[in-house]
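Sequence positions, counted from 1, serve as the residue numbers for this chain.
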Amino acid sequence: MRHLVVIGAGFGALTTAHALRKRDLDAEITIVAPTPSFLYYPSLVWVPSGMRKPDDLRVDVRDFLARNRIGYHQGTVQAITDGGRTVVTDQGRLSNDGLVVASGGRFLRQIPGIDNVLTVCQGGPSAQAIGERIAAMDGGRIALGFAGNPKHKPAMRGGAMFELLFCIDTQLRRAGKRENFELTFFTPNPRPGQRLGERAVQGLLDRLEKLGVTPHLGHPIERFEPDKVVTKGGEIPSDLTIFMPGMTGPAFLDDSELPVTESGHVPVDERAKVDGLEAVYAVGDAAAFPGPSWQAKQAHAADIQGATAAANLIDERKGDVPDHTVRHEIICILDSLDKGVFVFRNDRMQIATPPLTIGHWAKVALEKVYLLQYAPSPLARLRDRPAQPAEQTA
Ligand SMILES: Cc1cc2nc3c(=O)[nH]c(=O)nc-3n(C[C@H](O)[C@H](O)[C@H](O)COP(=O)(O)OP(=O)(O)OC[C@H]3O[C@@H](n4cnc5c(N)ncnc54)[C@H](O)[C@@H]3O)c2cc1C
């Protein structure tokens, strides 16, 4: 029997494993991850305001895996050897006939003084810590920004940071203390949000102005200090700095027999297939795809890539030519706790709506539907102990 292994339990990994099962009813399928739980990152921006608690966004996936006859190997991958055929974890080795790497990304932490910032990307507890800091402040200066990976432009989270800024602005207005705060948005990029389309960029910049947020754009970041951000274009005084660093690929690539890009990602072609290796694929934030420069690293992209990788892996193992290619597309909603800007982009179209109440409720509905597919049944909830949450790395 074929043994297909998927690394990770996030967006790309669960979509891949599910699609593998739908296409091959007989294969043995195993996912490898430190915990059997899924974290829904897009709603982390709601944690600082208290609209969501970290536990609302984490789902124990053991029942989902059992329902789909997908095995679970608890462990952290440390290396991939034998041209992809062996996965070395801290809990033993797994041999496989087909492999999909979907282990997400990691932060670049090389900017001096990075420990002086809070970042929402590290998971629920860090998003909650941002909320606690803001709740304890009656006024002051908040600097909020992001940077990228200069060697791989899509490896950044600009959209999420705009969203977090809008949510914090609403949170402060609701608490009646917005006028006591100076908000500054900073990034080395002179025109942030370009991946979402030119119309979206202008809309975002206009919105900053309307909300009274000071932009500090186009200046490389030199260092973070406890009370300021120092950039090549001047200093930003700050009582609370919230920052999203650029991203790189998985740490285990250093010890693996997989190709690695300069940016630290797994290079793949349009089929999600790793160059030069048999039956090895990579998807999501761990991978570097060719394709349009605007294609952002997103959960939606990880899902599309996971379904494509699964189709190709099954074809390749059957002896057919794997010729499914990924669809390039961005879909997101930039929320502000009460309204959402809907953004869509593909090769033919660029849509960015004004902030709409229905946009907010669409984001709420998407979250519910997405989490429901992996949620344990009521019986499983009673049967299984809660999975131990662990910080993830995106
Ligand atoms: C605050 C925030 C808001 C966002 N908003 C949106 C949005 O609105 N829309 C959108 O489309 N995207 C959004 N994103 C981006 C999206 O969450 C990521 O692009 C997506 O999670 C990438 O999926 P992935 O499967 O590649 O990685 P992940 O979802 O990060 O999953 C990686 C998995 O691999 C596991 N893993 C890591 N290392 C190892 C290892 N060594 N061994 C085994 N397992 C390992 C992890 O535990 C995890 O289960 C947002 C991200 C953030 C942080």
Apply the test side-chain contact (heavy atoms from CB on, under 4.5 Å) to residues D275 and V268: give CA-CA distance (whole Å), side-chain angles for both, the deciding distance (0.1 Å), then the verdict. CA-CA 6 Å; D275 300 336; V268 292; 5.8 Å; no

Determine, stepwise, if the pair D206 / K210 fulfils salt bridge (Lys or Arg N to Asp or Glu O under 4.0 Å). CA-CA 6 Å; D206 291 347; K210 193 169 163 212; over 6 Å; no

Assess whether side chain to side chain donor-acceptor pair (under 3.5 Å) is satisfied between H73 and T89, documenting all intermediate values. CA-CA 9 Å; H73 175 98; T89 81; 3.0 Å; yes

Hey, mind stepping through R271 and T325 against side chain to side chain donor-acceptor pair (under 3.5 Å) and telling me if it holds? CA-CA 5 Å; R271 301 169 299 169; T325 54; over 6 Å; no

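Under the 4.5 Å side-chain heavy-atom criterion for Ile, Leu, Val, Met, Phe, Trp and Tyr, L108 and I111 are members of distinct hydrophobic clusters. By the criterion of side-chain heavy atoms lying less than 4.5 angstrom apart, applied directly or through intervening Ile, Leu, Val, Met, Phe, Trp or Tyr residues, L204 is grouped together with I242 in one hydrophobic cluster.
When atom types are taken as modelled, the side chain of R381 and the backbone of P376 share a donor-acceptor pair closer than 3.5 angstrom. With hydrogens and angles ignored, the 3.5 Å screen pairs a side-chain donor or acceptor of N312 with a backbone N or O of H324. Using modelled atom types, one side-chain atom of T187 and one backbone atom of F146 make a donor-acceptor pair closer than 3.5 Å. The main-chain N or O of S238 is never found under 3.5 Å from a side-chain atom of D227 such that the two would form a donor-acceptor pair. Without hydrogens or angle criteria, H3 side chain to S95 main chain gives a donor-acceptor distance under 3.5 Å. At distances below 3.5 Å, not a single donor-acceptor pair connects side-chain atoms of R69 with backbone N or O atoms of R21. Of the possible donor and acceptor atoms, none in the side chain of E235 sits under 3.5 Å from a partner among the backbone N and O of V230. N68 contributes no side-chain N or O that, together with a main-chain N or O of I70, makes up a donor-acceptor pair within less than 3.5 Å. In this structure a side-chain-to-backbone donor-acceptor pair under 3.5 Å is missing from N96 to V5. Using a distance-only test at 3.5 Å, with no hydrogens or angles considered, no donor-acceptor pair links the side chain of T86 to the main chain of T81.
Contact record, G340 with I333: CA-CG2, 3.9 Å, taken as the closest heavy-atom pair. Across all their heavy atoms, P36 and Q74 have their closest contact at CD-NE2, 4.3 Å. Here the closest heavy-atom approach between residue P292 and residue D347 is recorded as CG-OD1, 4.4 Å. When every heavy atom of G75 is checked against every heavy atom of Q91, the shortest pair comes out as CA-CG, 3.9 Å. Scanning all heavy atoms of the two residues, the minimum distance from D239 to R133 falls at O-NH2, 2.9 Å. Closest non-hydrogen pair, L14 versus L65, comes out as CD2-CD2, 4.3 Å.
V266 has its side chain out of reach of V260: every pair of non-hydrogen atoms, C-beta onward, lies at least 4.5 Å apart. The shortest distance between side-chain heavy atoms of V341 and P355 falls below 4.5 Å. Between T308 and Y281, every side-chain heavy-atom pair lies at or beyond the 4.5 Å cut-off. At least one side-chain heavy atom of R178 sits under 4.5 Å from a side-chain heavy atom of L183. For the pair S103 and V77, the minimum side-chain heavy-atom distance is 4.5 Å or more. Two residues are said to be in side-chain contact when any heavy atoms from C-beta on lie closer than 4.5 Å; D315 and V321 fail this criterion. Put simply, the side chain of V32 reaches to within 4.5 Å of the side chain of L94, judged on heavy atoms. Here the side chains of L4 and T30 are not in contact, with every heavy-atom distance at 4.5 Å or above.
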Side-chain donor-acceptor pairs of residues 299-307 under 3.5 Å, sequence neighbours excluded:
from: H300; atom 1: NE2; to: E329; atom 2: OE2; distance (Å): 2.7
from: D303; atom 1: OD1; to: T15; atom 2: OG1; distance (Å): 2.6
from: D303; atom 1: OD1; to: Y370; atom 2: OH; distance (Å): 2.9
from: D303; atom 1: OD2; to: Y370; atom 2: OH; distance (Å): 2.9
from: Q305; atom 1: OE1; to: G284; atom 2: N; distance (Å): 2.7

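One distance of note links OG of S43 with NZ of K53; it measures 14.0 Å at 0.5 Å rounding. Taking CD1 of I31 as the start and OG1 of T16 as the end, the distance is 10.5 Å to the nearest 0.5 Å. Note that CD of Q295 is 10.0 Å distant from CZ of R327, once rounded to the nearest 0.5 Å. Atom OG1 of T241 is separated from atom CD1 of I236 by 8.0 Å, given to the nearest 0.5 angstrom. To the nearest 0.5 Å, atom CG of residue L20 and atom CG of residue L313 are 5.5 Å apart. Separating the CD1 atom in I168 from the CZ atom in F181 is a distance of 10.0 Å, to the nearest 0.5 Å.
A 6.0 Å sphere centred on NZ of K151 holds no more than 12 heavy atoms belonging to other residues, nucleotides or ligands. No more than 12 heavy atoms of other residues, nucleotides or ligands sit less than 6.0 Å from atom CD1 of I358. Summarising the local packing, CD of E225 is surrounded by more than 12 heavy atoms from other residues, nucleotides or ligands at distances under 6.0 Å. Summarising the local packing, CD of E209 is surrounded by 12 or fewer heavy atoms from other residues, nucleotides or ligands at distances under 6.0 Å. Counting non-hydrogen atoms of neighbouring residues, nucleotides and ligands closer than 6.0 angstrom, the CZ atom of R93 reaches no more than 12 such neighbours.
The pair D285-R157 meets the salt-bridge criterion, since a charged nitrogen lies less than 4.0 angstrom from a carboxylate oxygen. Look at D115 and R109 and you find a salt bridge, because one of the NZ, NE, NH1 or NH2 atoms lies within 4.0 Å of a carboxylate O, short of that distance. Contact check on E367 versus R52 returns a salt bridge, with a Lys/Arg side-chain nitrogen under 4.0 Å from an Asp/Glu carboxylate oxygen. Electrostatic pairing of E28 and R2 does not count as a salt bridge here, judged by no charged N lying under 4.0 Å from a carboxylate O. With respect to the salt-bridge test (charged N to carboxylate O, under 4.0 angstrom), the residues R317 and D97 do not qualify. Salt-bridge annotation for E316 and K273: present, with a side-chain N of the basic residue lying under 4.0 Å from a carboxylate O of the acidic one. Under a 4.0 Å N-O distance rule, the pair R141/E182 does not qualify as a salt bridge.
With 3.5 Å as the limit, one finds a donor-acceptor pair spanning the side chains of D335 and W46. Between the side chains of H328 and E270, at least one donor N or O sits under 3.5 Å from an acceptor N or O. Counted by atom type alone, H265 and T248 present zero donor-acceptor pairs between their side chains at under 3.5 Å. Side-chain contact of H216 with T231: a donor-acceptor pair under 3.5 Å is present, judged by distance alone.
In summary, of the residues considered (T184, V213, D169), a side chain to side chain contact (heavy atoms under 4.5 Å, CB included) with L208 occurs for V213 alone. Put simply, the residue from V280, I80, L277 that forms a side chain to side chain contact (heavy atoms under 4.5 Å, CB included) with R85 is V280.
For R207 and F166, the positive end sits near the middle of the six-membered ring, less than 6.0 Å away and at most 45° from its axis.
For F38 and F64, the distance between ring centers is not under 6.0 angstrom.
Using cut-offs of 30° and 60° for the angle between ring planes, the F243 and F186 rings count as parallel.
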